[in-house]
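Right, one structure below, let's go through it.
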Amino acid sequence: MWVPCDHKNQNYLHMKRFCLLTISILLVLAGMMAFTRHGIAQSSVPGPEEHFGFVPGTDRMLFDYEEMIAYFVKLDKVSPMVRLVEIGLSPMGKKMYIVFISSEKNIGNLEKLREINRELALNPTLSEAKRAEYIRDGRVFFMATLSMHSTEVAPSQAAPVIAYRLITGTDPTVTKYLNDVVYMIIPNQNPDGMDLVVENYKKYKDTKYEGASLPGVYHKYVGHDNNRDYVSLTQSDNRAVARVYNLDWFPQVVIEKHQMGSTGIRYYVPPSHDPIAENVDAELWTWTGIFGTNMLRDLTNEGLAGVGQKTIFDDYWPGSTETCLWKNVIGMLTEAASVKDATPVYIEPGELEASGKGLSEYEKSINFPLPWPGGWWRLNDIIRLEIASTFSIIKTASLLKDDILKFRNDICKREVEKGRSQPPYYYVIPHEQADQSEFISLIELMKEHGINTFQLKKDYTLNGINLREGDIVYPLAQPFRAFVKEVMEKQEFPVRHYTPDGILIRPYDITSWSLPLHRGLVSHEIKVRDADFEALLKPLSGDLFPLSVAYKLPAIFPATSNGSFKAAFIAMQNGLKVGRLSQEVKISGKLYGKGSFVIQGKDEALLKSIVKESLTEPGFADQPGRLALTDVTMPRIALVETYFSDIDAGWTRYLFDTYKLPYKVLHPDEFEKTDFIKDFDIVIIPNSGKTLLLNGKPGTETSYYMSNYHPDYQKGMEKKGLEKLLLFINQGGKVISWGQSADLFTGKQEITTGENKEEFSFPFTNAAEQAQKKGLFIPGSWVRMTLKQDHPLTWGMPSETGIFYRGQPLFMTSIPRFDMDRRVIGVFPEKEILISGYVEKEEEIAEKAALIWIKKGKGQLILYAFNPQFRASTQATYKLLFNALFLQQAE
Ligand SMILES: [Zn+2]
């Protein structure tokens, strides 16, 4: 307060030094204040209670993101043991920070320490002397990223308490810890969600609905899926956090802090359960074990009951911030049992249960030595666990500082050596791809992951494969080798059982994430080493897409590029005329297939910005009058999103926003007042439950259960709303739907027009349940689908594609009656269906349909058995969705 510094200035590291100097001078001049070992007046550090007006952890009290950041700004101003550094913006534009806490000396020396981190992490050829010097002078950087799942409030609510204790504590052991360790807090990894949830909690507090769930997702787009995004890095808050360990600070230890259900173990600590990632170095798993077991020991020592390890969660799948494990970071997770936001819960002993894997009974076990007996469970109980686990990690990091720093360089050397001595040696991504936009965005993504990228200087034949100048090469001999291999190869699930010949240990989440496959790109895995080839590699520099050519209108954008759709959407909204080719054509030696977009107009500056946005180079379509063109216009889209944390709808909004495709969100309970025929051309219903859409209740038609939402939000479209939707189709509207929402359209349907009541069934059924009864199991895998050729839904697509599939629905069509028709657009092949991931009994889906087109009356219904835009990570199937937007009328 008494230091006049502007900490809003982003480039303020220098400013901070000035501030520190100012603090010192003022303190010296004051000359009469009591000083602590840290050289600052204890009394000048505001306690959390003083700042927030309550002790964090008090029942039914929560602070929001802005209040929390204001506290850290104060600490940053008054304490030389704290530094606040801005790292980016959340999707809704909130500033995100790291709070560095360490000894005054370390905080004053952060830049030098960061350089040591970088050298240890990335330099495999350090001299022994230099290495020893860095290990001696370096510090363990321990990053904790808090409460990314916004209803899991406690880690963020604990952060100010932990910070205050660290900087004002007088315990000499803590002083020692902070000499060895730089603690980096991301005080909340999802600031937008934190404010949404805290506001919602306050809205219902002191009413009978206290603790009611937030309607909608707790993030601008993706809600709970925000920790499924660490391979794709689509969300700005995630990119900001990943950059910290990929490119900027190279912490050696990272933990993400979560909460789980209320009736299981109280606290999960590492190590995880099987299966574990094959590509992650063996020694890393031993480190997660050391940190986790020390946590278990320290918490038990403090009398904190209910801590378990090696249960529930596995470390096979990359997707959360634990993806840093593939970048040589000791990456971990903790999960606490939840209360209702901040409202305590009482748990009867008989309600406690084991769940997931690794613990078969809720009883004393080797990985759960002190069961919690039940009773009241409060926010402050979780905060105690957060404080104790954080101090435990700092303690372990301090005790083993030199070993951890040595390990970080050892693993760097080891990964580079593996890349030189074990196949595969390189992944090559040819620069000539059907979808240029996905090629460019993949290369950009890999740079964001801190991956060393090279380009081939001239044509070369490697292992019989003709490679071209400009092709992109990822040598495996690099520090983040494990990550390169993981995301470039196809996935093979490590099949493990509980006992020999026993039950399969099932995966926690999905089993496929191969970037080239999911993007529909050609890539080569090269299993021979070739020195001549390596001599032809140069580091990729500059922009892959320099926009050096002056593009001219009319411009033709190929149907094969996802970016061409973006170009068309932008062009249409800016008044340019857009048509699609109904016959393929060759222009300047290049073949443009059916569905390619021709954009006409005069504004070539606009064209340039369209090209830049679309990452797709257009051709010059001289004499467009000679082309077989069908004009297209922007459809008016209703996007259906339920109130029930509708993550798939959120991902769809994200996709449409990034593709500049306008839409209007419609909740199911708004159907009754909506005039679909007047206001919309297309209704899109992403993956949701049938009963959620119809009645606002989770469960199945025969067994609903009550959810935790305020009654205002426990509403669906009801029978009347569904009938309106069916009438919309009947009169020429188009409905596009995928995943379990397709069940809305199975079985008997009814519409009434005037006096006429019409009963009908669409000509398809969902065969998923029978297939599952026969043993079909697909936890989320990349599987083969054959496409109907020469159909407007498959324009720009190859004859066969991969799709991301989770086993339901599964379509079988039948001969239609009266004013209906159907076409199977995508079908599973007879055999060799699995491409990447895991499947049991794949024969159960053989030759069944995965994408169908249905006509009813004057309208159309397009149903996908898969999410075509799954977590914005299945670019190979985006075109199957975008093409549907432009399908002409059925008659
Ligand atoms: Zn969580």
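For ligands, and for the atoms within them, numbers begin at 1 and follow the listed sequence. Below, each value reflects all heavy atoms present in this structure, side chains not excepted, and no hydrogens, waters or symmetry copies.
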Of all the N, O or S atoms in H149, which one sits nearest to the Zn ion (ligand 1)?
-> ND1
Sidechain N-carboxylate O distance under 4.0 Å for K220, D192 | no
How about H224: does one of its N, O or S atoms come closer than 2.8 Å to the Zn ion (ligand 1)?
-> no
Should R165 and E386 count as an ion pair when the cut-off is N to O under 4.0 Å?
-> no
Just give me the atom name: the N, O or S atom of H258 closest to the Zn ion (ligand 1).
-> ND1
Kindly say whether the aromatic ring centers of Y713 and F644 come within a distance under 6.0 Å.
-> no
Output yes when E210 and R60 qualify as a salt bridge under the 4.0 Å nitrogen-oxygen rule, no when they do not.
-> yes
Could you tell me whether any N, O or S atom belonging to E152 is less than 2.8 Å from the Zn ion (ligand 1)?
-> yes
